[in-house]
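Quick notes on the structure that follows.
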Amino acid sequence: QWPLIEGVFELQTGGQVNLNQNFLLSAVEADIETARSFTTENEDPFSTWLDADLTGDRFTVRPRRAGDSFSPLGMNRQTVKLREFYIKAKIPRRARGGWPLVCAGEQIVWVPGFRLAHPFRITEKTNQVVKLSVLTI
């Protein structure tokens with residue numbers, strides 16, 4: 001089962017949304033020191049920590065749109081088309097149209113299960129952290 005979605009959802013820090021009948025996405029404030037330790041050791045691709053100073057406390061969760069692109073963490077701020085990212089990440093074609101994207105404004109912040117966007121990573125300048133998690137229900 002995949003966390004596929006239909007439609008657009010609003011998510012606030014401290015809240016959660018049902019992606020479908022099997023998956024839930026939550027956004028919670030997190031301790032910065034805990035988050036810093038997990039940014040190098042996170043083994044769960046369905047959770048991530050990000051800089052809330054840059055995202056604010058409101059997110060949009062949506063499927064892809066034509067022309068979407070983002071800057072995946074670890075790609076030195078290089079922007080890639082989401083379509084190309086999906087192919088390289090080996091997301092099955094039948095899942096690509098409904099794969100959830102977490103956005104702040106128009107920018108893709110996280111592709112759950114795969115990659116955080118580079119601009120929203122935790123740095124030495126980060127003061128507030130949000131943990132995003134996809135959970136099975």
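For reference, positions follow the sequence shown, starting with 1. When reading the values below, keep in mind they use all heavy atoms of this one structure, side chains included, and skip hydrogens, waters and symmetry mates.
Under 4.0 Å is where a charged nitrogen must lie from a carboxylate oxygen, and between Arg62 and Glu6 no such pair does.
Across Lys125 and Asp53, no two heavy atoms sit closer than the pair O-OD2, 4.1 Å. Closest approach of Ala117 to Phe70, counting heavy atoms only: CB-CD1, 3.9 Å. The nearest pair of heavy atoms linking Phe9 to Ile5 is CE1-CB, 4.0 Å. The nearest pair of heavy atoms linking Gly97 to Pro63 is O-CB, 3.1 Å. Scanning all heavy atoms of the two residues, the minimum distance from Ile87 to Arg96 falls at CG1-NH1, 3.7 Å. For Val61 against Pro100, the heavy-atom pair with the smallest separation is CG1-CB, 4.0 Å.
Distance alone, capped at 3.5 Å, is enough to place a donor-acceptor pair between the Asp44 side chain and the Phe46 backbone. Checking side-chain atoms of Arg115 against main-chain N and O of Leu73 turns up a donor-acceptor pair under 3.5 Å.
Between Cys103 atom SG and Phe59 atom CZ the span is 10.5 Å, to the nearest 0.5 Å. Here the OG-CD distance, from Ser71 to Gln78, works out to 8.5 Å after rounding to the nearest 0.5 Å. Note that the CG atom of Leu82 and the CD1 atom of Ile91 stand 7.5 Å from one another [nearest 0.5 Å]. With values rounded to the nearest 0.5 angstrom, Leu25 atom CG is found 11.0 Å from Ser47 atom OG. To the nearest 0.5 Å, the span separating CG on Leu54 from CD on Gln128 amounts to 10.5 Å. A distance of 14.0 Å separates CD of Glu29 from NZ of Lys131, quoted to the nearest 0.5 Å.
Between Arg64 and Tyr86, some side-chain heavy-atom pair lies under the 4.5 Å cut-off. Side-chain contact between Ile108 and Val102 is absent, with no heavy-atom pair separated by less than 4.5 Å. Taking the side chain as every heavy atom from C-beta outward, Arg83 and Lys88 never approach each other to under 4.5 Å.
Taking the six-membered ring where the residue is Trp, the centroids of Trp110 and Phe120 are separated by 6.0 Å or more.
Met75 and Leu116 fall within the same hydrophobic cluster, defined by Ile, Leu, Val, Met, Phe, Trp and Tyr side-chain heavy atoms under 4.5 Å apart, directly or through other members. Placement of Leu135 and Trp99 in two distinct hydrophobic clusters is found when ILVMFWY residues are connected by side-chain heavy-atom separations under 4.5 Å, directly or transitively.
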Inset, instruction - Go through the steps for Leu24 and Leu19 under the test side chain to side chain contact (heavy atoms under 4.5 Å, CB included), then give the verdict. - result: CA-CA 5 Å; Leu24 180 79; Leu19 299 178; over 6 Å; no

Inset, instruction - Apply side chain to side chain contact (heavy atoms under 4.5 Å, CB included) to the pair Val111 and Leu101, showing each step before the final yes or no. - result: CA-CA 5 Å; Val111 180; Leu101 301 171; 3.8 Å; yes

Inset, instruction - Decide side chain to side chain contact (heavy atoms under 4.5 Å, CB included) for Ile137 and Phe23; before the verdict, give the C-alpha distance in whole Å, the side-chain angles of both, and the deciding distance to 0.1 Å. - result: CA-CA 6 Å; Ile137 51 177; Phe23 295 94; 5.8 Å; no

Legend entry - CA sep, side-chain torsions, deciding dist, call: Ile122, Val129, side chain to side chain contact (heavy atoms under 4.5 Å, CB included): CA-CA 8 Å; Ile122 294 172; Val129 175; 3.9 Å; yes

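Residue Asp51 forms a side-chain hydrogen bond (donor to acceptor under 3.5 Å, both in side chains) with just one option from Thr126, Thr123, Asn127, and that option is Thr126.
Side chains of Thr79 and Ser69: a donor-acceptor N/O pair is absent below 3.5 angstrom, by distance only.
Ring-plane geometry between Phe114 and Phe85 is classed as perpendicular, the angle between the planes exceeding 60 degrees on a 0 to 90 degree scale with a lower cut at 30.
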